[in-house]
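Here is the structure we will look at, set down as structure tokens.
What you see is a predicted model, and the numbers here were worked out from it, not measured in a lab. Excluded from the calculations below are hydrogen atoms, water molecules and symmetry mates; all remaining heavy atoms, backbone and side chain alike, are included.
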Protein chains: 2
Amino acid sequence: MHDPDPAFGPLARDGLVDRVAGLMAEAIVAGRVLPGARLSESTIARDLGVSRAPVREAARLLENSGLVRYRPNRGFFVRTLSSAALDNLYEFRIVIESAAIARLVARGDVEALLPRLDAQIAELYRVAEAGDDMLRQVEADMAFHRLICEGSGNPRYLAAFDQIANETKLGLMLIGRLYDSPRRMAGSHVPIRAAIAARDAQGATAAIEDHIGSARHMVTERFRSLEEGHPA
Amino acid sequence: MHDPDPAFGPLARDGLVDRVAGLMAEAIVAGRVLPGARLSESTIARDLGVSRAPVREAARLLENSGLVRYRPNRGFFVRTLSSAALDNLYEFRIVIESAAIARLVARGDVEALLPRLDAQIAELYRVAEAGDDMLRQVEADMAFHRLICEGSGNPRYLAAFDQIANETKLGLMLIGRLYDSPRRMAGSHVPIRAAIAARDAQGATAAIEDHIGSARHMVTERFRSLEEGHPA
DNA sequence: GTCAAGGTAATTGTCGACAATCGACATCCG
DNA sequence: CGGATGTCGATTGTCGACAATTACCTTGAC
């Protein structure tokens, strides 16, 4: 028999590839490498002190999450975003997340999810008070939405969300600020939580569509003005 | 200046990796390697007369399309499907494709898409008459649905569809037959086409939800009985 | 001065080899 | 005889090197 309450949990043995991928993703999202920039396998491999093989595999991983684009015989490049692409992205998010939240309320484990949602909302307020760490704010926001997809009960929604999460982060970081008021941003998640707690499917979908929709408007507008300011 | 309408399009120079990936995907979907089977890099590389590197990259590609599962330090395995997973898959397809068809009718280029839909429906009838080539039927079916996602105007829907297309094919092939009557299957696409042509957004979403929903029911039921017949 | 052609440097594509890790069998102890 | 431990073969993980392709720069003609 096995110990029902083991003293040691399974050790996360993420290999070299995952670590490299994480480093690259962070460098891109944090803006240390600019969109459109070439990602030289040799250079990155040399910098990290590893061979090209893991770098190449990591880059392919990042390609799936939309951060990187691959062109045959040319290499990997940091994904460039347009306001139109961001608009499409947000439209897609609305579809995914409203379906996820509807399923969550209808058939998911709301009881188990609520404390996690509350904790995440608390985290949102915490980083809002700190105020200056943009990346933390973005990630706290995305973590909240990820919880909803995770709690839906259909892993497809979570997979779809994870695929576009990094790209969304990149877009938000490019804009340079999340909302006019970080506090208001944190508070805008509360109605979603309330509708879930009330098992109000229609209200929940409406709340999240409103939430993402206003973010979509804000992001697209702001990005468009950036494009005009810095014409390619 | 360049020829605005070149006589020769860009030649698809799919490298070794893509060819290997295609071969592997076909072998899996066609059922030549069974679900759960190990995909030995060395063996495949030796069989194809190439090194392990392209095989490994191809396997990672197939992982993204859901055909293959990767376990660190253990290798690649053909994805196993359960009736529950298939049910989740079809639920997700309904969400994606009904959103895509709604956008298509509302803002897509219906005029340009209609002839392609008609051609695909004709192809569906053609393979239905042939009758015995299951893979062809499955692929003709998926191609029709892909057209809708492609015509939606938001490439996100197409990307999401392509990611789950191979997995859907695999599920259908595992079942061993598409519908009771291939002819009826072909005909069941006509109402979708009609609603699109009429620019009836509500009717189109209803038609495609009905279409995929009945397939979902059929597939899930049939797969469940298979599971009971061959208990793991 | 502009454009095309050729050569060259740099990068990716592929390969074979070695090291690390895993699963299974044999072995040892209670 | 049951369970834990040690060992072995096989497979993946990573590496450095060579071949193929690309992009850039130089050269030359008009």
*Quick one: do R32(A) and E26(A) make a salt bridge, cutoff under 4.0 Å?*
yes

*Any ion pair linking E167(A) and R93(A) (charged N to carboxylate O, less than 4.0 Å)?*
no

_Distance in Å, N166(A) CG paired with E139(A) CD, rounded so as to fall on 0.5 Å steps_ = 8.5 Å

*asked:* I need the I44(B) CD1 to M24(B) CE distance, nearest 0.5 Å.
replied: 4.0 Å

*Short side-chain to backbone donor-acceptor contact, R38(B) and R74(B), under 3.5 Å*: yes

To the nearest angstrom, how far is [X] atom [atom1] from [N] atom [atom2]?
{"X": "R46(A)", "N": "dC15(D)", "atom1": "CZ", "atom2": "P", "result": "15 Å"}
{"X": "L48(B)", "N": "dG16(C)", "atom1": "CG", "atom2": "P", "result": "13 Å"}
{"X": "L16(B)", "N": "dA19(D)", "atom1": "CG", "atom2": "P", "result": "17 Å"}
{"X": "F77(A)", "N": "dT11(C)", "atom1": "CZ", "atom2": "C1'", "result": "10 Å"}

_Pairwise side-chain contact, D133(A) with V127(A), heavy-atom cut-off 4.5 Å (strictly under)_ = no

Show each protein N/O and nucleotides 9-12 of chain D N/O combination with a separation under 3.5 Å, one pair to a line.
{"unit_1": "dT11(D)", "atom_1": "O3'", "unit_2": "R38(B)", "atom_2": "NH2", "d": "3.2"}
{"unit_1": "dT12(D)", "atom_1": "OP2", "unit_2": "E41(B)", "atom_2": "N", "d": "3.4"}

